[in-house]
Amino acid sequence: MPDFTLPKTYDFKSTESRIYEMWEKSGYFKPKNDPNQPGFDPSIKTFVISIPPPNVTGELHLGHAMFVSMEDLMIRYHRMKGYATLWVPGSDHAGIATQLQVEKALAKEGTSREKIGREEFLKRTWQWNEKYGGIIYQQIRRLGASCDWERVRFTLDEGLSKSVREGFVRLYKKGLIYRGPRLINWSPGLKTAVSDLEVEYSQEPGTLYYFKYMVAGSQDEFIPVATTRPETILGDTAVCVHPEDDRYRKYIGQKVIVPILGREVPVIADAYVEREFGTGALKITPGHDQNDYEISQRHKLPMLSIMDESARINEHGGPYQGLDRFDCRKKIWEDMRSAGLVLKEEAYTLTVPRSQRGGEIIEPMISTQWFVHIQPLADAALEAVRDGRITIVPERFTKVYYNWLENIKDWCISRQLWWGHRVPVWYAPDGTMFCAHNEEEATQQARQQFGTDVHLEQDEDVLDTWFSSGLWPFSTLGWPDNTPDLGYFYPTAMMETGYDILFFWVARMIMMGLEFTGEVPFQTVYLHGLIRDEHGRKMSKSYGNVIDPLIVMDEMGTDALRFTLLVGSTPGNDMSLSVKKVESNRNFANKVWNAGRYVINAISQAPAQGNIDWSLADSWIWARLQTLVRDVERLFQNYQYGEAGRQIYEFFWNDFADWYVELAKLQLAEGGDRAYTTADTLIRVLDTSLRLLHPFTPYITEELWGYLKEAAPQGKEWGPALIVADWPMPLPEEDWETQKVADFSLMQEVVRVIRNLRAEKQVKPGQRTPAI
RNA sequence: GGGCGGGUAGCUCAGUCGGUUAGAGCACAUCCCUUACAAGGAUGGGGUCGCAGGUUCGAGUCCUGUUCCGCCCACCA
């Protein structure tokens, strides 16, 4: 006779690692139907998720905990429903983030990447990777993630690098990639280009400076101009007024004199100018302002760059050469004041472009970069959502997606970093470009043109990290090779991620998926919200309100954390999280444990044989359970995972533990068929509840289920583990259910009234027994 | 400037078919350490669902307007 006296409190610490190991060793994380194995059945339906790859050297935070919990829930649900489920894990090389970390470490040693050189730097970064790269995987495991660890991928792996080169070459050959000088966002600190998405605009107090643009050939005539950035005067190529502005119309076509430098530039007319703003006259700095750049293009004005890659004034800045842009701002304004060109200053709120990473002020600059001609890709990506091949949940983000793609600009994909996929283009000495999968291929091409002695140099730039992330759903399955995995598991089913990377990542995967595979990369996009603190504030280190999921798991268990994240959120909406919430769900886990403990112990002592004879309580709990199964199924179908979890919680605690288990004690005491039926009902209800709960709280349910199956009478086929047990099948509602629920509710009402009276009259327990 | 989300109990939030008396957790009050669970049990207090209209037999839920908060996008120097 086995011992079913379980500990009084659920000991998650010893349970979690043991259970996880059991799952992994038993191969439950691998798809049950594998195209690389004998006996493969292509007719079995798949459910595949590619994990949003965390930064390889990252540390687990609540955002990770959120998506891991959510995706594991989806995977476990589908696994139990019989799908061939595959969850592909992996990590991202995270170009800028990782490079910065290594550079920081180098700085501590008193050296720098420039000093040690590219090759040595990459070596160091790979070492860094080895050292810290595995940590995030261990942390994801702790969350209970049932991904197939034998299929783990890294964006800089040989396989994925091959995908990246293939993708680049294809786009290049199709004419969708080009290189050229354009006005881009430049990060002077990192000395690299960044994409539009990597720039954030913040409102900051500043000054609007009014000054005189003297008209050439005149002593005292001037056009008053206002600017927020006086240092850019050095790069002015025109002054622009509205074509119908009577104040300035007479100057159109004339020349004005650039302050300090004395260059002559034209006065041009463009309807872009707002007559009411400032002075109604706009200075044009095409080299350092997006709008001015566009106006210059329209008017065929020359480009003029006045800053170097550190945003210091260059040789075009005359006396200011070598000054930092902000020092120059002060200096030139002082000089202009001395020269009598200053009109006035006004307090003004600036819109300052700042780097999403690090927060330094971004400088728009003319620079030669690689771009993806994005319009054709965007059109296809729009169509895939419009015609329903891809569904976005919640639906409202569809509009956000359309709006972005409809106004998209070409994507700057080159970065002046070292850590990443190097642009697969080689140059002949005369600058001729050869785009190829590798140097050998490029050399072969070059030889046809330049003979055998040709020496090629590879482009120095690496690709935006999001370029490789954009290939993720299919590169991880083997693309461009036509692997069995790609054939069977692609397109994937679900892309689950935060709404904050809808543009960065989701849209790009859709564009590249359609372009390269001709198919959508996934059928559904599920966007979860961001996690905030208990007062709805962003979690940040400077606020000191960051909750560390690892500590929470240590103190209250993984199941409690998972349940909190899953049940506390609704699709697309931010959630606030507090330790108190996790505590209350830890309490729920303990409730499940103790109810399970009672049932397991009780059934091991109840009659193992008898006839079924349902009491009102038996019928009622069964009817309630069936309703629950139906509701959970409906809610899951609609991605209402949180609501489903709440309903299971309420059923388990209120209906099952508080009412049915209490009545079951009386029924078990009766013995005979009543006791047999009660035990049978206890087993069925607990079994089904554990199954429903398993995607939310996998550890405790697996542990209890193991005991339950041992304690239950022989005869039922249980299967090896809950993780691969069948999902409860919703049954159609039967006529008797409503009546039994109503009858039982009446009884509950009567009991409550009596208890209420006893409490109000302060009747001590056992003091009086009411006659009913 | 455009778009989106939110405003429901003291706090954090559910409420996705328009339908009994609007729910949960935490907090609060009273009683109870009854052999599943004190991380618990029982009972209770607490809401004009932001505001104003409208549709409807019936509105937290649908429509119009309005206000406050938050977010996203955008070229006003």
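Residue numbers start from 1 in every chain, and the chains themselves are labelled A, B, ... in the order their sequence lines are given, proteins ahead of strands.
- The base of B:C37 sits with one of its N or O atoms less than 3.5 Å from a complementary donor or acceptor on the side chain of A:Lys591.
- Looking at the side chain of A:Arg396, the nearest of the listed nucleotides B:G5, B:A77, B:C26 is B:G5.
- Nucleic acid contact class of A:Lys538 (heavy atoms, under 4.0 Å, all strands): none.
- A:Gln290 comes within 4.0 angstrom of no nucleic acid atom, judged by non-hydrogen atoms across all strands.
- The interatomic distance linking A:Tyr598 (OH) with B:C37 (C1') rounds to 13 Å, in whole Å.
- Only the P atoms considered, B:U66 is 23 Å distant from B:C71, to the nearest whole Å.
- Note on A:Glu276: nothing from the nucleic acid sits closer than 4.0 angstrom, heavy atoms only.
- Rounded to a whole angstrom, the distance from the P atom of B:C4 to that of B:G46 is 39 Å.
- Looking at heavy-atom distances under 4.0 Å, A:Tyr348 makes contact with sugar-phosphate atoms alone, never a base.
- Within 4.0 Å (heavy atoms only), A:Arg752 reaches sugar-phosphate atoms of the nucleic acid but no base atom.
- Within 4.0 Å of A:Thr228, counting heavy atoms only, lie sugar-phosphate atoms of the nucleic acid but no base atom.
- Residue A:Lys665 places at least one side-chain N or O under 4.0 Å from the OP1 or OP2 atom of B:A36.
- The side-chain contact (heavy atoms from CB on, under 4.5 Å) test with A:Val592 singles out one residue from A:Leu686, A:Asp559, A:Leu693, and that residue is A:Leu693.
- Atom OH in A:Tyr401 sits about 19 Å away from atom P in B:C4, given to the nearest Å.
- Going from atom CG of A:Leu577 over to atom P of B:A14 covers 13 Å, rounded to whole Å.
- Remark: A:Trp653 is not in phosphate contact with B:G40, judged by side-chain N or O atoms under 4.0 Å from OP1 or OP2.
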Could you walk me through whether A:Ile233 and A:Ile260 pass side chain to side chain contact (heavy atoms under 4.5 Å, CB included), step by step?
CA-CA 9 Å; A:Ile233 289 169; A:Ile260 310 295; over 6 Å; no
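- For the pair A:Asn587 and B:G40, the criterion of a side-chain N or O lying under 4.0 Å from OP1 or OP2 is met.
- Using the Watson-Crick or G-U wobble rule with both distances under 3.5 Å, B:C62 pairs with B:G54.
- Considering only side-chain N and O atoms, A:Thr570 lies under 4.0 angstrom from the phosphate OP1 or OP2 of B:A14.
- Using Watson-Crick or G-U wobble geometry with both donor-acceptor distances under 3.5 Å, B:G1 finds its partner in B:C73.
- Distance A:Asp11 CG to B:C37 C1': 16 Å, rounded to the nearest Å.
- In the set B:C4, B:C76, B:A36, B:A36 carries the atom at the smallest distance from any side-chain atom of A:Arg597.
- With C1' as the reference atom, B:C33 and B:G45 are 25 Å apart, rounded to whole Å.
- In this structure, A:Asp658 reaches the sugar-phosphate backbone alone: every heavy-atom distance under 4.0 Å involves primed, P, OP1 or OP2 atoms, never a base.
- Across the C1' atoms, B:G47 and B:G10 are found 12 Å apart, a figure rounded to whole Å.
- With distances taken from any side-chain atom of A:Glu662 to the nucleotides B:A36, B:C76, B:U43, the minimum falls on B:A36.
- Here B:C76 is the nucleotide among B:C37, B:A42, B:C76 with the atom lying nearest to any side-chain atom of A:Phe277.
- Residue side chain A:Lys8 does not reach the base of B:A36 through any donor-acceptor N/O pair under 3.5 Å, judged by distance alone.
- Nucleotides B:A24 and B:A9, compared at atom C1', are 11 Å apart to the nearest Å.
- In the set B:A24, B:U16, B:C73, B:A24 carries the atom at the smallest distance from any side-chain atom of A:Tyr649.
- Of the candidates A:Glu345, A:Glu346, A:Lys344, A:Glu346 is the only one forming a side-chain hydrogen bond (donor to acceptor under 3.5 Å, both in side chains) with A:Tyr210.
- Judged by a 6.0 Å distance limit and a 45° cone about the ring axis, A:Lys591 is not positioned over the six-membered ring of A:Phe656.
- Going from atom CG of A:Asp533 over to atom C1' of B:C13 covers 14 Å, rounded to whole Å.
- Picking from B:G25, B:A77, B:A36 the nucleotide with the shortest atom distance to the side chain of A:Val273 gives B:A77.
- Between A:Tyr649 and A:Phe563, the two ring planes are parallel [angle under 30°; tilted spans 30° to 60°].
- No contact: A:Thr285 has no heavy atom under 4.0 Å from any strand.
- Listed pair A:Tyr10 / B:C37 fails the phosphate criterion, with no side-chain N or O lying under 4.0 Å from OP1 or OP2.
- Separating the NZ atom of A:Lys581 from the P atom of B:C11 is a distance of 14 Å, rounded to the nearest angstrom.
- Distance check on atom P: B:U43 versus B:C49 gives 27 Å, rounded to whole Å.
- B:C37 is unpaired under the criterion used here, namely a Watson-Crick or G-U wobble arrangement in which both key atom distances are under 3.5 Å.
- Distance CZ (A:Phe504) to C1' (B:C72): 12 Å, rounded to an integer number of Å.
- Heavy atoms of A:Asn590 sit under 4.0 angstrom from at least one base atom.
- Nearest nucleotide to the A:Tyr272 side chain, out of B:A39, B:A14, B:A77: B:A77.
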Take A:Lys409 and A:Asp196 through the salt bridge (Lys or Arg N to Asp or Glu O under 4.0 Å) test and state the conclusion after the steps.
CA-CA 9 Å; A:Lys409 293 199 179 122; A:Asp196 297 348; 5.3 Å; no
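- Spacing between atom CG of A:Leu405 and atom C1' of B:C73 amounts to 13 Å, rounded to whole angstrom units.
- Comparing A:Ser576 and A:Val751 by the nucleotide of RNA chain B whose heavy atom lies nearest to each, the residue mapping closer to the 5' end is A:Ser576.
- Rounded to the nearest Å, the gap between the C1' atom of B:C62 and that of B:C26 is 33 Å.
- If you find the closest nucleotide of RNA chain B to A:Leu350 and to A:Lys580, the one lying nearer the 5' end belongs to A:Lys580.
- In terms of polar N and O atoms assigned as donor or acceptor, the side chain of A:Arg586 comes within less than 3.5 Å of the base of B:A39 in a complementary pairing.
- Judged by a 6.0 Å distance limit and a 45° cone about the ring axis, A:Arg386 is positioned over the six-membered ring of A:Tyr402.
- Relative to the side chain of A:Arg634, the nucleotides B:C4, B:C17, B:A42 differ in distance, and B:C17 lies closest.
- Between A:Ser569 and A:Met70, the closest side-chain pair of non-hydrogen atoms falls below 4.5 Å.
- Nucleotides B:C72 and B:A77 place their C1' atoms 24 Å apart, quoted to the nearest Å.
- Comparing B:U12, B:C73, B:A36 against the side chain of A:Ala657 picks out B:A36 as the nearest.
- Nearest to the side-chain atoms of A:Phe503 among the listed nucleotides B:U12, B:A36, B:C73 stands B:C73.
- B:G10: Watson-Crick or G-U partner is B:C26, with both key distances under 3.5 Å.
- A:Thr279 has its side chain out of reach of A:Tyr213: every pair of non-hydrogen atoms, C-beta onward, lies at least 4.5 Å apart.
- Between the side chains of A:Tyr707 and A:Asn601, not a single donor N or O lies within less than 3.5 Å of an accepting N or O.
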